[in-house]
Amino acid sequence: MNAAKRIGEKTRPARPRPPADGAAPDALLDCAVAAARAAGRHALRHTKRRREVFALYRHDVKLVLDRECQAVAHGVIRRRFPDHGILGEEKLDSNRASEFLWIIDPIDGTVNFFHGLPIWCVSIAVQAQGRSAAGAVYAPELDEFYTARIGCPALCNGRPIAVSANARLNQALVSTGVGKQTRDNSSYAGLFETLGGRIQKLRILGSAALDICNVARGRTEGFFESGIFIWDAAAGSLIVEQAGGRAEILASGPGHRLALLASNGKIHERLKAIVRRALP
Ligand code: IPD
Ligand code: CA
């Protein structure tokens, strides 16, 4: 397990080189937005097919639309940046030698989508030289489109957003999530005991990317989950940081798995001290 660090800071380069031609931060953000919009609209147009299952697991479902939405996002990125690396939840991993890496979660909150709950989104992030450069999270049924790029404030539907100013742990609303594996589920009783008793309420909403955006928007004070993946968290982490909050990887493991804490910053260290005890 790695020491605590921010997403995208595997090894912090002394001085990042400027991105190559055609990959300025604005062009990266434009592409992330276009890819998220195209994939989100595809899912929205096909909600009648929400139960077309590709594979069914004990605590998860893979939909035909997960794959289709990933293909749509992939196509948008490939057309603009054919040489960039792309990593996607649905078994997509190409051009890893590139200094740019796109990270796609085609439908985050797939189980919600499958059941008809509107809390799901498309999440697209891009890293330049290992550091997050731009991110977009689009929740079509909620009509919420979060964006951020390095050096600029985070936006929701084009308007600046900011994390909550609440520094009182006992008045904090915090969300968490239940992972895909049985052992993730069994550790939740402990988390509800250790964290639930110290904050106002603990919530499970079912989309890690939107959980992190809710922190960025000041609706919640924190989000913690052990057993999510880089594609769940990459875009949201940049969005919450550009909204004045913090996103910290508390542990990472094989297959791009992470334990992530995102917060408004004010209660970060106190939350971390509590959730660390709940890590498996
Ligand atoms: C899942 C969601 C969920 C979280 C799981 C994720 P998916 O992503 O973000 O909220 O608890 O750990 O795997 O499978 O819907 O893309
Ligand atoms: Ca996901």
Side-chain angles (χ1 to χ4, degrees), residues 7 35-36 39-40 42-43 47 50-51 53-70 73 87-92 102-125 135-142 144 146 174-188 191-192 195 202-216 220 222-237 239-240 247 249-262 275 278-280:
I7 277 192
H42 182 81
T47 48
R50 61 172 81 238
R51 287 186 181 250
V53 172
F54 181 80
L56 194 60
Y57 304 98
R58 178 72 188 87
H59 295 297
D60 196 21
V61 58
K62 289 282 174 201
L63 304 179
V64 175
L65 280 169
D66 281 315
R67 297 191 156 215
E68 287 182 15
C69 290
Q70 180 168 285
L87 175 69
E89 177 171 8
E90 308 308 321
K91 298 194 176 5
L92 171 64
W102 292 84
I103 303 171
I104 304 174
D105 192 338
I107 300 181
D108 182 58
T110 299
V111 174
N112 282 352
F113 180 86
F114 172 84
H115 285 277
L117 279 172
I119 306 170
W120 58 274
C121 62
V122 180
S123 170
I124 313 262
V137 170
Y138 177 35
E141 287 198 271
L142 301 176
E144 292 179 4
Y146 296 89
V174 176
S175 64
T176 185
V178 180
K180 301 171 191 302
Q181 301 189 3
T182 322
R183 70 167 183 277
D184 298 331
N185 294 349
S186 57
S187 62
Y188 272 83
L191 188 67
F192 269 82
L195 183 57
L202 191 57
R203 293 275 185 255
I204 296 182
L205 301 173
S207 162
L210 283 174
D211 283 318
I212 304 168
C213 289
N214 278 328
V215 180
T220 58
F223 164 73
F224 166 75
E225 186 171 345
S226 173
I228 55 170
F229 295 84
I230 183 121
W231 39 80
D232 300 315
S237 294
I239 291 165
V240 75
I249 296 175
L250 301 182
S252 60
H256 310 289
R257 272 173 87 90
L258 309 170
L260 183 101
L261 174 65
V275 300
L279 285 174

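In listed order, ligands and their atoms are each counted from 1. Excluded from the calculations below are hydrogen atoms, water molecules and symmetry mates; all remaining heavy atoms, backbone and side chain alike, are included.
Nearest protein neighbour of atom 14 (O) of ligand 1, counting heavy atoms only, is Lys180 NZ, 2.4 Å. Regarding atom 2 (C) of ligand 1, its nearest protein heavy-atom neighbour is Asp108 OD1, 3.5 Å.
Between Ile228 and Phe223, some side-chain heavy-atom pair lies under the 4.5 Å cut-off. At a threshold of 4.5 Å between non-hydrogen side-chain atoms, the residues Thr220 and Asp211 do not count as touching. For the pair Ser237/Leu260, a side-chain contact is recorded, criterion being any heavy-atom separation below 4.5 Å from C-beta on.
Looking at Asp108 and Ser123, their side chains never bring a donor and an acceptor atom within 3.5 Å of each other.
Residue-and-atom listing of protein N/O/S atoms under 3.0 Å from the Ca ion (ligand 2), sorted by chain and number: Asp105 OD2, Asp108 OD1, Asp232 OD1.
The CG atom of Leu195 lies 5.0 Å from the CG atom of Leu202; values are rounded to the nearest 0.5 Å. Between atom CG of residue Asn214 and atom OG of residue Ser175 there is a gap of 6.5 Å, rounded to the nearest 0.5 Å. Annotation: the span from Leu65 atom CG to Arg51 atom CZ amounts to 13.0 Å, rounded to 0.5 Å. For the atom pair Leu210 CG and Leu142 CG, the distance stands at 6.5 Å (nearest 0.5 Å). Interatomic distance, Leu250 CG to Ser226 OG, rounded to the nearest 0.5 Å: 8.5 Å. The CD atom of Glu89 lies 6.0 Å from the CG atom of Asp232; values are rounded to the nearest 0.5 Å.
One N or O on the side chain of Thr176 and one on the backbone of Phe224 form a donor-acceptor pair closer than 3.5 Å.
For ligand 1, the atoms closer than 4.0 angstrom to any heavy atom of Asp105 are 16 (O). Using a 4.0 Å cut-off to heavy atoms of Glu89, the atoms of ligand 1 that qualify are 14 (O), 16 (O). Shown in contact with Ile228 at under 4.0 Å from a heavy atom are these atoms of ligand 1, numbered in order with element: 12 (O). Each of the atoms 2 (C), 9 (O), 10 (O) of ligand 1 lies under 4.0 Å from some heavy atom of Ala208. Atoms of ligand 1 lying under 4.0 Å from at least one heavy atom of Gly177, given by number and element, are 11 (O). For ligand 1, the atoms sitting less than 4.0 Å from at least one non-hydrogen atom of Gly109 are 7 (P), 15 (O), 16 (O), numbered in the order shown with element in parentheses.
If you look at Asp211 next to ligand 1, there are no close heavy atoms at all, none under 4.0 Å. Residue contacts with ligand 1, taken as heavy atom pairs separated by less than 4.0 Å, involve Ser207 solely via the backbone atoms N, CA, C and O. Neither the backbone nor the side chain of Ile204 has a heavy atom within less than 4.0 Å of ligand 1.
Between Phe229 and ligand 1, no N or O atom pair is found at a separation short of 3.5 Å. Below 3.5 Å of separation, one finds an N or O of Gly206 facing an N or O of ligand 1. Considering backbone and side-chain N/O of Ala209, none are found under 3.5 Å from N/O of ligand 1. The N/O atoms of Gly227, backbone and side chain alike, include none that comes under 3.5 Å of an N/O atom in ligand 1.
Evaluation of the side chain to side chain donor-acceptor pair (under 3.5 Å) rule for Asp105 yields no partner, not counting sequence neighbours. With sequence neighbours excluded, the residues that form a side-chain contact (heavy atoms from CB on, under 4.5 Å) with Ala136 are Ala32, Val33, Ala36, Phe145, Thr147.
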Report, one line per pair, each donor and acceptor closer than 3.5 Å where one atom sits in a side chain of residues 112-121; sequence neighbours left out.
{"from": "Asn112", "atom 1": "ND2", "to": "Ile119", "atom 2": "O", "distance (Å)": "2.9"}
{"from": "Asn112", "atom 1": "ND2", "to": "Leu205", "atom 2": "O", "distance (Å)": "2.9"}
{"from": "Trp120", "atom 1": "NE1", "to": "Glu141", "atom 2": "OE1", "distance (Å)": "2.6"}

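Selection from Lys62, Glu225, Arg257 by nearest heavy atom to atom 5 (C) of ligand 1 gives Glu225.
Heavy atoms of Leu205 come nearer than 4.0 angstrom to ligand 1 in no pair at all.
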